[in-house]
Protein chains: 4
Amino acid sequence: MGITLEKADQAVRAALEKARELNLKMNIAVVDAGANLTSFARMDGAWLGSIDIAIRKARTVRFFDMPTGNLGQASQPGGPLYNIEHSNGGLITFPGGLPIMGGNGEVIGAIGVSGSTVENDHAVAEAGVRALA
Amino acid sequence: MGITLEKADQAVRAALEKARELNLKMNIAVVDAGANLTSFARMDGAWLGSIDIAIRKARTVRFFDMPTGNLGQASQPGGPLYNIEHSNGGLITFPGGLPIMGGNGEVIGAIGVSGSTVENDHAVAEAGVRALA
Amino acid sequence: MGITLEKADQAVRAALEKARELNLKMNIAVVDAGANLTSFARMDGAWLGSIDIAIRKARTVRFFDMPTGNLGQASQPGGPLYNIEHSNGGLITFPGGLPIMGGNGEVIGAIGVSGSTVENDHAVAEAGVRALA
Amino acid sequence: MGITLEKADQAVRAALEKARELNLKMNIAVVDAGANLTSFARMDGAWLGSIDIAIRKARTVRFFDMPTGNLGQASQPGGPLYNIEHSNGGLITFPGGLPIMGGNGEVIGAIGVSGSTVENDHAVAEAGVRALA
């Protein structure tokens, strides 16, 4: 369903490379079009709590076909989707999750990265996405 | 308990019609007076994460006999029901869930809609309720 | 992903008809190829505990692309898949869940029925599948 | 903690190779000495329900430092660990999970494989372990 293991691995490897370049320890997850875990890598010494966050970020992206950070803007107090994080067994809505698009502009999967600041998480996720463009 | 399958299906069909008219892809759930899922429809291509949200909206309505959006006003930081979303296995308190009333003004069920903006979710839920009035 | 709402509704309606013919009160769920709930109906007065079972049966079928009853034979004490029910948030492995196949023999969805004996659950599920053949 | 990402990936790659050789579609998970997911791969078209099972097998191994199948012998009705599967959020105790040992005979991680018969799951897991010996 959507992204293949080959492509998912390619995105994970590109994200790992970016993380090493930035001297970061990351957890990186890629899900397919069905929001099913397809490829995952945890760098040595990366935060233990970030395994779950990386996977949830990737799943959250695919649940609503948008970057996690976009959803997080709408889920703030007073925002239209306040506390949407309580759905689907727990969402993560801060940056670090990005959609992976197919040739026809459809969402074929998603990448989630966790282990550093949200800016770094986002940058590493972006490197993963860019590898498939 | 409360709404029949026949009436619940009628509400779902009216909501589907409204969604198509507005060119939206929705998940629509109706629960009975016991907050038990009675009828559900997921339009082709609707957000994956909205299945759970539509059902939770309908259940949240019946848990407190008020529209989800009303509860969401009271659950904001500083509000009287701050973070009530943590109860009952996870509530959804933004708009898109509405009570279905019986002939004597009692709540006989609820409808929850998810798949677009909260304004659209609300409009489609309203169409479902109106079909039974 | 796989079965459309139109086809899913068709299967549910055929199952409902069969249930009425047999004078049974059933919960009927259809999931798509991604194991996502697509259509659901709960007959008036059907067992409350069967809502969850019908949905789990449909999901279990798609998780392993086989009838729930087949999986249940392998999950018995001493069997090769003993206690597989503990995976995926809880499986149901007794009869009443059947795959829905597409034109090329691929699984495009699944139906789960619960509310009576497993023989009756199976018969009603079969009526749903047959409507799409 | 224990196995590195480099070694975990090596085990996953060897397991993938074995799975392709046997013409099987597998989900393969490696956890470290802390039972934390370290590397994961899902082959295209593998059973959806086996993602969770592969990860649970790997974790179950490390929880008790023995192959999943050994634990499953003790968890049968009348056995000393009857229904131990209810612990730790859900264990999987049939074959397909194996410990990965370090140079001094200590457990440094575990591999879990799911997607076929338990014999095949076990054979593929064994190929992963052997690659690190």
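Within every chain, numbering begins at 1; the chains are lettered A, B, ... in the order of the sequence lines, protein sequences first and strands thereafter.
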Closest contact, heavy atoms only, Val61(D) versus Ala110(D):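 It is CG1-CB, 3.4 Å.
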Euclidean distance, Ile108(C) CD1 relative to Ile3(C) CD1, rounded to 0.5 Å: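 So the CD1 of Ile3(C) and the CD1 of Ile108(C) are separated by 4.5 Å.
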Distance (rounded to the nearest 0.5 Å) between Ile55(D) CD1 and Ile92(D) CD1: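 Here the rounded value is 12.0 Å.
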Partner chain C: residue of Ala46(D), Pro77(D), Gly78(D), Gly115(D) with the largest heavy-atom pair count (under 4.5 Å):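 Looking at each option in turn, the highest pair count goes to Pro77(D).
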Side chain to side chain contact (heavy atoms under 4.5 Å, CB included) between Ile100(D) and Val107(D), intermediate numbers included: CA-CA 6 Å; Ile100(D) 298 173; Val107(D) 178; over 6 Å; no
Close side-chain approach of Pro67(D) and Pro95(D), heavy atoms under 4.5 Å: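 No - every pair of side-chain heavy atoms lies 4.5 Å or more apart.
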Sub-4.5 Å side-chain heavy-atom contact between Ile84(C) and Phe94(D):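 The answer is yes; the side chains approach within 4.5 Å.
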Under 4.5 Å from a heavy atom of chain C, the part of Leu91(D) involved: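 Backbone only.
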Using only distance, no hydrogens or angles, which N or O donor-acceptor pairs sit under 3.5 Å between chain C and chain D?
unit_1, atom_1, unit_2, atom_2, d
Phe63(C), O, Leu48(D), N, 3.4
Phe63(C), O, Gly49(D), N, 3.0
Phe64(C), O, Trp47(D), NE1, 3.3
Gly78(C), N, Gln76(D), OE1, 2.6
Tyr82(C), OH, Ser75(D), O, 3.1
Asn83(C), ND2, Asn83(D), OD1, 3.0
Asn83(C), ND2, Glu85(D), OE1, 2.9
His86(C), ND1, Glu85(D), O, 3.4
Asn88(C), N, Asp52(D), OD2, 2.5
Asn88(C), ND2, Gly49(D), O, 2.9

Side chain to side chain contact (heavy atoms under 4.5 Å, CB included) between Met43(D) and Leu16(D), worked out: CA-CA 8 Å; Met43(D) 294 174 75; Leu16(D) 284 172; 3.5 Å; yes
